[in-house]
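Working notes for the structure below.
Fair warning: this is a prediction, and the values are worked out from it, not measured in the lab.
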Amino acid sequence: MKSKELKSEFTFQIDEKHYIKHNYLSFCNDVLVDLLRFADANKLTNETIKFANKNDCYVFNKVSEENGDWQEWLLNNGYKDTLYNSYYKHVFFSLVSDFCSYMLESINCAAKMKVAVSYALLRKPLKDTLGFIEWLYLDKKEVIDLLVYGDPKNMEIKRDKAKERTTAIEKIRGYDGFYSFRYDNKSKTSLEHIWNNANHLITTWNTLSKTKKGNLNFVFADETILREFSDYYYLVVPAIMMYATDLICDMFENMGYINIYTQMINKTNRVLKSSFVTGIDGVSHVLDNLDNLTVPIVCPRCGLKKQISANHLKKIQYGKFRCPRCRKRINTNRYIFEWEKVKIIDTINKDGKEK
């Protein structure tokens, strides 16, 4: 049995080189939590029933008052779409909540160098929960049908189906669904092997994650090993988190509760923040995509409107944006809802100078 004593100066904290990626992971989690808070505060899972006639309304209320199966009544009397819309929103926000709960704990454990725990906590959110969110994105009716009428056996996230869905999403959205990292146990870079080692002291079935002689998985890990696994965590997880956050935000925004300007600013903000992970110059990328478009940045308090500039984008990127007129600071380290009720004042002349 081989083991090494941890160096006395080892503080069980992540390397400074990972701070920026750790902050990015926290940003993504905060964005998703903001969506959940908004949904709860605005009762987004509620659905108004538009009855076809007064009799249907009367019968439905009577069934409800008598503690009858009002959901079954809706399904059988032409209101299936209304009920399914409510189910969809409930399932979606519940899955996002589950995803955030596990990811936050994993992120916190990673920061404390609790490597095995941080990886073990990733398996459910990145495989099962995110897998269901992807499924909802592609075919929400199929998911709800199975929840209402199906067998749980038909709802398992199987490897072949996961590959089909992530491939389909790649074609639709134009970026990777990270199938290999999350599901492919034949890939040397797959998280599957680390998850197996993190959840079991002895693993024997897969050569890529097989326990070595005289060892117990993660039990005898020294500082060098912990650092290697920590490095890999901050290489892979931020990229998957970026993908998951963008997918969830798009699904949320497509529900129609958020105005186009708010959506645009938040997508811009996510692109800017993701540059900390991708290494791409976020400011230049945004400006290139805004080329030939007249898009203002608007103060949600006083309505001051200015054309978006590189300087504005830099301030948004680092969470330091402040209105030059009323001095309101906009916290961009989250999902920004301020523009939902913004009063826009036209204060820009054709020459670009403030009136």
Side-chain angles (χ1 to χ4, degrees), residues 1-29 99-131 157 159 162 176-245 274 276-279:
M1 181 177 68
K2 297 180 180 181
S3 64
K4 294 181 181 179
E5 291 185 5
L6 295 174
K7 296 179 181 179
S8 59
E9 66 269 21
F10 185 39
T11 59
F12 288 94
Q13 293 179 347
I14 59 172
D15 289 332
E16 288 186 16
K17 65 183 179 183
H18 297 315
Y19 285 177
I20 196 166
K21 290 187 176 180
H22 175 79
N23 290 340
Y24 176 75
L25 288 172
S26 298
F27 160 75
C28 289
N29 188 78
F99 180 83
C100 289
S101 295
Y102 279 84
M103 289 306 301
L104 179 59
E105 292 305 318
S106 176
I107 294 167
N108 288 340
C109 285
K112 299 173 184 176
M113 288 295 290
K114 296 181 178 179
V115 176
V117 181
S118 65
Y119 275 107
L121 287 167
L122 287 178
R123 190 184 185 283
K124 183 187 178 188
L126 295 190
K127 283 192 69 175
D128 294 347
T129 310
L130 182 54
I157 304 296
R159 194 171 288 114
D176 203 336
F178 300 97
Y179 166 80
S180 181
F181 282 122
R182 295 160 56 203
Y183 298 102
D184 189 0
N185 58 19
K186 295 180 181 179
S187 170
K188 292 181 180 180
T189 59
S190 176
L191 289 169
E192 276 276 15
H193 310 303
I194 304 176
W195 289 335
N196 287 331
N197 292 153
N199 282 288
H200 305 283
L201 289 177
I202 302 293
T203 45
T204 59
W205 67 273
N206 191 304
T207 56
L208 294 175
S209 56
K210 189 175 182 178
T211 307
K212 295 180 180 179
K213 289 183 178 180
N215 195 20
L216 296 174
N217 296 332
F218 279 107
V219 171
F220 305 132
D222 60 15
E223 179 180 351
T224 300
I225 294 173
L226 293 178
R227 294 292 182 196
E228 288 175 354
F229 278 105
S230 179
D231 289 346
Y232 195 64
Y233 185 99
Y234 286 104
L235 175 67
V236 176
V237 178
I240 301 177
M241 190 66 161
M242 176 175 63
Y243 161 75
T245 302
S274 68
F276 297 131
V277 174
T278 62

**Q.** Residues L126, W195; criterion side-chain contact (heavy atoms from CB on, under 4.5 Å); working and verdict
**A.** CA-CA 11 Å; L126 295 190; W195 289 335; 4.2 Å; yes

Q. Does the side-chain contact (heavy atoms from CB on, under 4.5 Å) test come out yes or no for L25 and Y234, once each step is laid out?
A. CA-CA 9 Å; L25 288 172; Y234 286 104; 4.0 Å; yes

Q) Taking atom CG of N23 and atom SG of C28, what is their separation to the nearest 0.5 Å? A) 11.0 Å

Q) Is D176 reaching over with its side chain to a backbone N or O of F178, donor-acceptor style, under 3.5 angstrom? A) yes

**Q.** Least distance between heavy atoms, M113 atom then I14 atom
**A.** CG-N, 3.8 Å

Q. Side chains of V277 and I20: closer than 4.5 Å at any heavy-atom pair?
A. no

Q: On the 0 to 90° scale, with breaks at 30° and 60°, tag the Y24-F27 ring pair as parallel, tilted or perpendicular.
A: tilted

Q: Quick one: pull up CG in L122 and CD1 in I194 and give me the separation to the nearest 0.5 Å.
A: 9.0 Å

Q: Evaluate the side-chain proximity of R182 to L130: yes if any heavy-atom separation is below 4.5 Å, no if none is.
A: yes

Q: Salt-bridge test for E192 and K127: reply yes if a basic N is under 4.0 Å from a carboxylate O, no otherwise.
A: yes

Q: Quick one: sort the F229 and Y119 rings into parallel, tilted or perpendicular, breaks at 30° and 60°.
A: perpendicular

Q) Are any non-hydrogen side-chain atoms of M241 and M103 less than 4.5 angstrom apart? A) yes

Q: List in chain and number order the residues that pass side-chain contact (heavy atoms from CB on, under 4.5 Å) with E105, two or more places apart in sequence or in another chain; answer none if no residue qualifies.
A: L121

**Q.** Distance, nearest 0.5 Å, that separates CZ of R227 from OG1 of T224
**A.** 9.5 Å

Q. Just how far is it from atom NZ of K210 to atom CG of N215, taken to the nearest 0.5 Å?
A. 13.5 Å

Q: Could you tell me whether F276 atom CZ has more than 12 heavy atoms of other residues or ligands within 6.0 Å of it?
A: yes

Q.
Under a 3.5 Å distance rule, please check whether H193 uses its side chain to pair with a backbone N or O of N185 as donor and acceptor.
A. yes

Q: Examine distances only and state if a side-chain atom of T278 and a backbone atom of S274 form a donor-acceptor pair shorter than 3.5 Å.
A: yes

Q: Start with the C-alpha distance between D231 and K17, add both sets of side-chain angles, then the distance that settles side-chain contact (heavy atoms from CB on, under 4.5 Å), and finish with yes or no.
A: CA-CA 9 Å; D231 289 346; K17 65 183 179 183; 3.4 Å; yes

Q | T189: side chain to side chain donor-acceptor pair (under 3.5 Å) partners, not counting sequence neighbours | A | S187

Q) Any chance the side chains of S106 and S118 put a donor and an acceptor closer than 3.5 Å? A) no

Q: Could you tell me the separation between the OG atom of S230 and the CD atom of E223, rounded to the nearest 0.5 Å?
A: 11.0 Å

**Q.** Passing candidate, side chain to side chain contact (heavy atoms under 4.5 Å, CB included) with T211, options L201, L216, T203
**A.** T203

Q. How long is the span from the CG atom in N29 to the OH atom in Y102, to the nearest 0.5 Å?
A. 14.5 Å

Q: For residues F181 and S190, report the shortest heavy-atom separation together with the two atoms involved.
A: O-OG, 3.5 Å

Q. Taking all atoms of both residues into account, what is the closest heavy-atom pair of P238 and Y233, and its distance?
A. CD-O, 3.4 Å

(Q) One thing to verify: whether D184 and R159 come together as a salt bridge, which I'm taking to mean a side-chain N less than 4.0 angstrom from a carboxylate O. (A) no

**Q.** For the student: nearest non-hydrogen atoms of S26 and I107, plus distance
**A.** OG-CG2, 4.2 Å

